[in-house]
Amino acid sequence: MATVHMSEAEFARDLHEVLSKVQQGVEVIVEQDHRPVAVVRTPQGPGRKISECIALAKAYEEKLGYAPVPDPAFAEDVQTAVDAHREPSDPPSWG
């Protein structure tokens with residue numbers, strides 16, 4: 001992850017540009033008299049990315065020599081979670 005250091009004045013002057021950098025994965029360290037006072041970065045999401053889960057599952061399948069099958073209780077738990085989040089995703093607009 002790239003890191004950018006900037007003063008409070010620079011941060012305040014162009015907040016839109018700072019947020020644009022953060023959305024691109026840049027960590028911004030805001031400094032006062034060359035001392036860090038804040039760090040702005042994208043939040044760490046919970047758990048693993050789906051791509052990581054798929055890679056782990058494939059590696060486990062190769063290790064076992066066969067594809068594991070989830071038990072019925074796991075399938076029910078997944079369906080319950082899916083049913084609980086049926087509302088459409090409506091993220092805020094940042095632009």
Side-chain angles (χ1 to χ4, degrees):
M1 173 187 304
T3 302
V4 173
H5 293 256
M6 63 177 46
S7 69
E8 289 176 298
E10 291 169 321
F11 179 79
R13 183 172 42 246
D14 203 355
L15 182 58
H16 182 74
E17 180 63 26
V18 171
L19 291 178
S20 177
K21 287 182 185 297
V22 170
Q23 288 173 338
Q24 295 170 23
V26 175
E27 179 180 81
V28 177
I29 299 176
V30 183
E31 298 177 338
Q32 181 182 60
D33 297 325
H34 303 289
R35 289 184 167 169
V37 294
V39 177
V40 183
R41 64 176 165 254
T42 55
Q44 183 75 17
R48 294 184 179 103
K49 294 180 181 178
I50 190 69
S51 59
E52 294 171 344
C53 294
I54 291 169
L56 285 170
K58 286 180 180 180
Y60 191 61
E61 181 177 343
E62 287 179 21
K63 179 179 176 182
L64 290 176
Y66 62 91
V69 178
D71 64 43
F74 176 77
E76 289 173 15
D77 290 343
V78 170
Q79 189 61 54
T80 300
V82 169
D83 292 343
H85 294 89
R86 289 285 185 190
E87 68 278 350
S89 176
D90 188 19
S93 173
W94 299 107

**Q** Measure the spacing between CD of Gln79 and CG of Asp77 and express it to the nearest 0.5 Å.
**A** 11.0 Å
**Q** Report the distance from atom CD of Glu8 to atom CD of Gln32, rounding to the nearest 0.5 Å.
**A** 4.0 Å
**Q** Has Asp33 got a side-chain atom pairing as donor or acceptor with Arg35's backbone, closer than 3.5 angstrom?
**A** no
**Q** What distance do Arg13 atom CZ and Ser7 atom OG have between them, rounded to the nearest 0.5 Å?
**A** 6.5 Å
**Q** Do you know which two heavy atoms are closest between Arg48 and Cys53, and how far apart they sit?
**A** CB-SG, 3.8 Å
**Q** Spell out, as yes or no, whether a donor-acceptor pair under 3.5 Å connects the side chain of Glu52 to the backbone of Lys49.
**A** yes
**Q** Is there a path from Leu15 to Val4 through hydrophobic residues (I, L, V, M, F, W, Y) whose side chains come within less than 4.5 Å of each other?
**A** yes
**Q** From Asp14 CG over to Leu19 CG, what is the distance, rounded to the nearest 0.5 angstrom?
**A** 9.5 Å
**Q** Is Val82 reachable from Phe74 through a run of I, L, V, M, F, W or Y residues, each pair having side-chain heavy atoms under 4.5 Å apart?
**A** yes
**Q** For the atom pair NE2 (His16) and NZ (Lys21), what is the distance rounded to the nearest 0.5 Å?
**A** 11.5 Å
**Q** Looking at side-chain heavy atoms only, is the closest gap between Arg41 and Val28 below 4.5 Å?
**A** no
**Q** Any link between Val37 and Val22 through a network of hydrophobic side chains (Ile, Leu, Val, Met, Phe, Trp, Tyr) touching at under 4.5 Å?
**A** yes
**Q** Are Val26 and Met6 connected into the same hydrophobic cluster when the rule is that any two of I, L, V, M, F, W, Y join if their side-chain heavy atoms are below 4.5 Å apart?
**A** yes
